[in-house]
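Quantities reported herein were computed from a predicted structural model and do not represent experimental measurements.
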Amino acid sequence: MSTHPGQGDTRVKSAAGPGRTIRPADRRRFALRHTTTGRQARAAWILAAPFLALFAAFMLLPVVWSLLMSLTDTKSADLRTPLNVSFTGFDTYVRIFQDEQFLTALRNTAVFVLVGLPLTLAAGLAAAVVLNNGIHRFRAVFRVGFYLPVITSIVAVAVVWKTLLEPRAGLVNTALGWFGIDGPAWLADTRFALPVMIVMAVWRNLGTVMIIMLAGLQSVPNSLMEAAELDGAGPWQRFWRITFPLLRPALLLTAVTTGIGYLQFFDEPFVMTDGGPLDSTLSATMYAYRQFGNGNYDAASAAGYVVFVLIVALTTLQFRVLRDKD
């Protein structure tokens with residue numbers, strides 16, 4: 001016997017497809033589940049509201065405000081009357097790129113990144129390989145020793161290195177004097193100041209790279225290495241053909257994080273040389289800091305956004321080169 005719609009058949013057609021129906025009980029359960037999901041979403045937004053408010057007030061708003069300042073002629077005298085500044089567009093960016101001091105800072109930053117980043121990755125990977133294969137006793141002691149500079153304050157590290165490199169009483173020149181070598185004034189010589197900071201940065205950051213690479217090396221399946229060895233592959237072939245491709249995620253992570261940090265290097269020249277001698281250790285972030293201290297908020301903001309663009313460009317390049325090809 002057929003029933004007509006509305007005379008006893010309480011089934012309704014579902015939008016999921018022809019022939020499927022939803023009974024009133026199922027509809028009530030769906031509504032209840034939908035209400036529960038909505039309550040959970042509202043609760044999540046309420047719990048996240050304090051963080052979002054702090055993020056907007058102390059992160060998002062300053063970022064947007066600094067971008068606006070880089071497009072105006074804002075100076076320290078304009079803080080009391082911020083609405084009286086003039087919109088200049090990209091004139092501030094053009095002006096700082098015509099400043100020889102900013103170009104010198106960019107060159108120093110480029111040298112610091114292009115030399116320091118590969119050296120840090122290579123040193124960290126080499127230390128990880130040695131700890132994974134060559135050292136079996138006191139391995140934990142070596143790990144702590146390599147990683148200890150990472151957790152030490154960069155200001156303390158810079159002060160110690162500055163003391164060690166003193167031209168007359170420093171330990172480095174004293175040790176060189178034992179062999180009849182007259183050590184230079186490391187931090188007062190334009191030939192050595194920036195290389196010294198690169199060496200210090202490599203020494204300080206290789207611990208982070210080593211720990212991540214060591215975790216990547218320990219995740220390589222032993223069965224692959226044994227199969228390659230049975231096929232006649234030597235140690236270098238096994239490393240280059242099997243281990244290194246499997247280390248791409250770890251290499252990408254360390255390259256991105258270390259590269260971002262090196263593009264923003266500031267503490268080392270600020271503590272050790274104050275950007276000297278003759279701006280040979282002046283970095284882009286230090287240039288922005290000086291402009292801010294001089295009251296040139298427009299130039300400081302523009303320099304900061306140039307560093308931001310460089311970070312985005314370097315990170316994008318690293319993802320294209322080091323990402324997993326599969």
Side-chain angles (χ1 to χ4, degrees), residues 55-117 153-155 157-159 162 187-190 193-198 200-201 258-315:
F55 177 80
F58 295 103
M59 292 292 293
L60 185 60
L61 183 61
V63 167
V64 175
W65 190 255
S66 65
L67 177 61
L68 295 177
M69 284 196 300
S70 70
L71 301 175
T72 62
D73 57 353
T74 305
K75 308 295 182 184
S76 57
D78 298 320
L79 292 180
R80 295 184 177 181
T81 57
L83 298 180
N84 291 336
V85 299
S86 301
F87 179 79
T88 59
F90 292 98
D91 290 348
T92 304
Y93 291 90
V94 174
R95 189 172 72 251
I96 64 172
F97 274 102
Q98 293 174 346
D99 187 354
E100 283 296 328
Q101 192 176 52
F102 181 66
L103 296 179
T104 300
L106 287 181
R107 284 194 295 268
N108 295 337
T109 304
V111 171
F112 190 86
V113 174
L114 295 178
V115 176
L117 180 58
S153 170
I154 179 59
V155 176
V157 170
V159 171
K162 185 177 181 180
L187 299 178
D189 194 322
T190 56
L194 187 59
V196 162
M197 292 189 181
I198 293 175
M200 187 186 74
T258 307
I260 291 174
Y262 281 6
L263 278 172
Q264 301 178 84
F265 91 105
F266 171 83
D267 302 289
E268 298 91 335
F270 182 78
V271 175
M272 299 174 70
T273 62
D274 194 29
L278 301 177
D279 292 336
S280 61
T281 59
L282 180 67
S283 64
T285 52
M286 195 171 185
Y287 174 88
Y289 172 81
R290 286 184 176 181
Q291 293 297 322
F292 185 85
N294 293 334
N296 300 321
Y297 295 164
D298 51 349
S301 300
Y305 271 94
V306 170
V307 175
F308 170 74
V309 172
L310 292 177
I311 290 174
V312 173
L314 178 62
T315 304

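With Y262 contributing its side chain and A201 its backbone, the two residues share a donor-acceptor pair below 3.5 Å. Judged purely by atom type and a 3.5 angstrom limit, S301 has no side-chain atom pairing as donor or acceptor with the backbone of D298. The backbone N or O of V85 lies less than 3.5 Å from no partner atom in the side chain of T72, so there is not a single donor-acceptor pair. Using a distance-only test at 3.5 Å, with no hydrogens or angles considered, no donor-acceptor pair links the side chain of N294 to the main chain of N296.
With values rounded to the nearest 0.5 angstrom, T104 atom OG1 is found 7.5 Å from L282 atom CG. From T92, atom OG1 reaches atom CE of M69 across 11.0 Å, with rounding to the nearest 0.5 Å. With values rounded to the nearest 0.5 angstrom, D279 atom CG is found 9.5 Å from T273 atom OG1. To the nearest 0.5 Å, the span separating CD1 on I260 from CG on L310 amounts to 12.0 Å. To the nearest 0.5 Å, the span separating NZ on K162 from CE on M200 amounts to 11.5 Å. Note: L106 CG to L263 CG = 10.0 Å, rounded to the nearest 0.5 Å.
At a threshold of 4.5 Å between non-hydrogen side-chain atoms, the residues R290 and D274 count as touching. With a 4.5 Å cut-off on side-chain heavy atoms, R95 and D99 do not count as touching. Annotation: side chain of S280 is not in contact with side chain of L194 (no heavy-atom distance under 4.5 Å). You'll find the side chain of T109 reaches within 4.5 Å of the side chain of S283, heavy atoms only. Counting heavy atoms from C-beta on, the side chains of L187 and T281 never come closer than 4.5 Å.
Few gaps surround CZ on F266; more than 12 heavy atoms of other groups in view lie less than 6.0 Å from it.
Annotation: ring pair (Phe, Tyr, Trp, His ring centres under 6.0 Å) contacts involving residues 60-93, sequence neighbours excluded, comprise F90-Y93.
Ring orientation note: the planes of F112 and F265 are close to parallel, at an angle under 30° on the 30°/60° scale.
Minimum interatomic distance between Y289 and F270 (heavy atoms only, all atoms of both residues): CE2-CE1, 3.7 Å. For the pair A57 and P62, the tightest heavy-atom approach, listed with the atom from each and the gap, is O-CD, 3.5 Å. In terms of heavy-atom proximity, D73 sits nearest to S86 at OD1-N, 2.8 Å.
With sequence neighbours left out, the side chain to side chain contact (heavy atoms under 4.5 Å, CB included) criterion links S153 to V155, A156.
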